[in-house]
*Asks:* 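Once you've had a glance at the structure underneath, I'll fire off some questions.
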Amino acid sequence: MRWSKAFIPTLRDDPADAEAVSHKLLIRAGFMRQLMAGVYSLLPLGTRVVRKVEQIVREEMNRIGGQEFQLPSLHPREIWERSGRWSAMGAEMFQFQDRRGADVALGMTHEEIFAHLAGGLRSYKELPQIWYQFQTKFRDEARPKSGLLRVREFTMKDSYSMDIDWDGLDHAFDEHFDAYRRIFNRLGFETVAVEASSGSMGGNQSVEFMLRSDAGEDWIAACSACGYAANIEKATSTIEPVHDEPGLDAPERFPTPGVRTIEDLEKTDGGAPGWRQIKTLVYRVDEKIVLLLLRGDHTLVEQKIVDHVEGGEIRPATADEAKDALGAQPGSLGAVAVEDHFIIADEALRGRSNMVTGANVDEFHLRGVDIDRDISVKAWLDLREVRDAEGCPMCAAPLAVQKTIEVGHIFKLGTKYSEAMGATVLDGNGKAAPIVMGSYGIGLERNMAAVVEANHDAAGIVWPVNVAPYEVVVTVVKPKQVECLEVGVRLYEALLAEGIDVILDDRDERPGVKFKDADLVGIPYRVVVGPKGLADGVVEIKRRRDGETRDIQVGHAASTLAEAVLDERR
RNA sequence: CGGGCCGUGGCGCAGCUUGGUAGCGCGCUUGACUGGGGGUCAAGAGGUCGCGGGUUCAAAUCCCGCCGGCCCGACCA
C-alpha cells in the first residue's frame, strides 16, 4: 500500500466527544468513525487490525479442535421462546416484526441456535465437539460508552462445547481457558482470570478475563499473594472481627428526628458508628417482599442476591411498598420482630449484639439490638461488597480492588439450552442424554480497543507486531527526489517479497508530518529513506516501542527488518 | 430510565448574556519558496448555525417542542 493512495484520515486534535484513550486514538489515527451511539464504522486500518485479531483467535480455536461455523444474525422468536430468553433479555434485544408480522430478533448471542443445531448429533460417540463462529452481535445497550469498549453492534467469536458429561465440560472449559490465555498473550496484554457471575447466561460457573485499566468499568478484587481473583459481584473477603459491648435486655426505642441515612444516625444522640448499625434494605423478589440486612457501613452487591434466586425478578422496593410492608419510611426501617417477611442477613452480622437499627416507626430507631435474639433471620448469605485492603478469603493477605476491562468470558452452561432445544444424544446405555454445554466469548473490537489501552504513549498507539495494521512503514523523506523515492520503492518491494505488511509513505509532505502520522498510527517499525542517509548509503530504522534507532546499509535493510518483524510475530 | 454537559464548514472552537454583516485555528485546493519531527508566503473553495414551531421589521442569539451525542448513575454479557 502507498500511503498517498490510502484512506487514513488522521486528525490533529482529539475528538471532542471521546474520553477513553482508545476511543480518542482510534478516531484520531484514522481507524474508525462513529455512526451513532455505540455503533462504529471500521476504516481500512481498523479493519486490518480486527482481521488480525480474528485470525489469532481462529488459530487458537482451531488448535483446540474448534470447527468454524457461520450462523445467521436474524432469529425467529420461537427459538428464543424455547429457552425463555425472548422476554428475559428484555429491552436489550433488538426485536421487531417482518413484513408478515412475524416476530424476529437480531442475535445478541447464539446459545439457542447452536443448541438447535446440536440436535443433529445422535450419539455420544460424536462428542466432544467444539463449534465456533465470528458473528455480529446486536445488543441494545442502555448506555454505550468509551468508544469500542461498550457498543451496540460488534463482532464476537463465540464458541460452544458439547460433551456427554460434566467431566467432558470441565475439560473443554480448561482447553478454552488455556486458549484464551494464549490469545491475550498474543494480543499483547496481561489478563487476570477472575471468578464471575453468570448473569443471564445461566450455568453454574464462569470465568472472566480482565485487563487492568482505568478505562474499564468492571471492578475485581485480586490477591497478589495467592492469586485469588474475583469480580466484585462475586468476591468475598475476611474482615477485622469486631467486639460488641454487652447490650440491653431488650431493644430500646429512641427518637431520631430527621435521621434518614447511616451517616445521620452516626451523628445523632443515641446513635452509633456505621459498623454498629444494621442497614435494612427492602427488595421485591418475585412479587414478595424480602428484607436484606447488612452492616451499616457495608454496601450490598445486588448481583449476589440475583445469583441466589435463579431467574427471579428482583428490584428494590419503592418507598410506598416499604411503608406498606414495615409501616415506616426508608430511614427508619428495621427487621426486629418482623415475622411475616423473608429476612436475609449478611454473614458479617453473625453473632452481633448491641446494634442500632430502624424501629419501623418514622423518626425512631432501636438500640441494644441482639441479632440472634431479636431478629428472625431466615438465611445467612454473603451480600456485601469487598473493599480495598480487606483480607483475601484464601490466604488473608490484603486484597486489591481494581478497575478492569472484560476482554473474554467463559461459561459452564450445563444442560439448560440442550434441554430447551431437545439436543440429546444416546449414551453408552442407549438412553437419551442432554448434551452438556459450555459457551465462550471474545469481542473482537473491544479487544482491539484493549490492545490500545494497554499499548500507547503520548505520541499515539504502539501496536504489537501481531496485530499492527502494518508492520513496517517506509518513510520517503523527499519523494520528489528520484533516488530517494526509488530506494524507498525498492525497499518496500523487497519487504513485500519477504511477506512483511509494509506501507510506503510516499506522500509529498514535510518529513515531520509523516513521522507524526507514523507514530500516531503506531506502526512498529519505521525505516526512513532520505538524502542525508543515502549520502552514506544508509537508511534509518526506528522501533516505535522504545524509540531505538539505528542506521543500516541500504542493501541490508530489508533482511534486517524482516528478521526483526518475524522475530516478534507470535 | 434519572442527573449534568453539548450540537455553528472535514476537525477543534468563538459568537448567544444585550437579536441586525456568520468568525478564528487546523485541515483542504492552486502557486511559489522549502524539505530529517505537524514549515513560510500568497490566492481560493467550503456553513440549511441539529430539526420543527413561535415571538419579532429582523433569530446562530429569545421562547416552546423534538431529535442527536458525551459524561455520571441505574441496568447489563
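Every chain is numbered from 1 and lettered A, B, ... according to where its sequence line falls, protein lines coming before strand lines.
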*Asks:* Could you state the atom-to-atom distance from CZ of A:R510 to C1' of B:rC26 in whole Å?
*Replies:* 17 Å
*Asks:* Judged by each residue's nearest nucleotide on RNA chain B, which is more toward the 5′ side, A:L534 or A:F154?
*Replies:* A:L534
*Asks:* So what does A:D218 touch, heavy atoms closer than 4.0 Å: a base, only the sugar-phosphate, or nothing?
*Replies:*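 Nothing, no heavy atom under 4.0 Å.
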*Asks:* Mind checking A:E406 for me? I need base, sugar-phosphate or nothing, with any heavy atom below 4.0 Å counting as a touch.
*Replies:* sugar-phosphate
*Asks:* Would you sort out whether A:D346 and A:K279 count as a salt bridge (charged side-chain N to carboxylate O under 4.0 Å, His left out), showing the intermediate values?
*Replies:* CA-CA 10 Å; A:D346 180 63; A:K279 174 157 64 182; over 6 Å; no
*Asks:* Checking all strands, does A:E302 fall into the base, sugar-phosphate, or nothing category for heavy-atom contacts under 4.0 angstrom?
*Replies:*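 The residue A:E302 makes sugar-phosphate contact but no base contact.
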*Asks:* Both distances below 3.5 Å, Watson-Crick or wobble geometry, any strand: find the nucleotide opposite B:rA14.
*Replies:*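 The answer is none; no pair meets the criterion.
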*Asks:* By nearest heavy atom, map A:A459 and A:H23 onto RNA chain B; which one lands nearer the 5' end?
*Replies:*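 With A:A459 and A:H23 compared, the 5'-side residue is A:A459.
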*Asks:* Inspect the contact between A:E195 and A:K234 and indicate whether a charged nitrogen and a carboxylate oxygen are less than 4.0 angstrom apart.
*Replies:* no
*Asks:* Have a look at A:M36 and say if it touches a base, only the backbone sugar-phosphate, or nothing, with a 4.0 Å heavy-atom cut-off.
*Replies:* sugar-phosphate
*Asks:* Which is true for A:A37 with a 4.0 Å heavy-atom rule: it touches a base, it touches only sugar-phosphate, or it touches nothing?
*Replies:*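 Answer is sugar-phosphate: A:A37 comes under 4.0 Å of backbone atoms only.
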*Asks:* With a 4.0 Å cut-off on heavy atoms, is A:D517 in touch with a base, just the backbone sugar-phosphate, or nothing at all?
*Replies:*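 Base, at least one base atom sits under 4.0 Å.
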*Asks:* Taking only side-chain N and O atoms of A:Q34, does any of them lie within less than 4.0 angstrom of OP1 or OP2 on B:rC70?
*Replies:* yes
*Asks:* Going by an N to O cut-off under 4.0 Å, is there a salt bridge joining A:E287 and A:R284?
*Replies:* yes
*Asks:* Check whether any side-chain nitrogen or oxygen of A:K145 sits under 4.0 Å from OP1 or OP2 of B:rC72, and answer yes or no.
*Replies:*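 Checking A:K145 against B:rC72: at least one side-chain N or O falls below 4.0 Å of OP1 or OP2.
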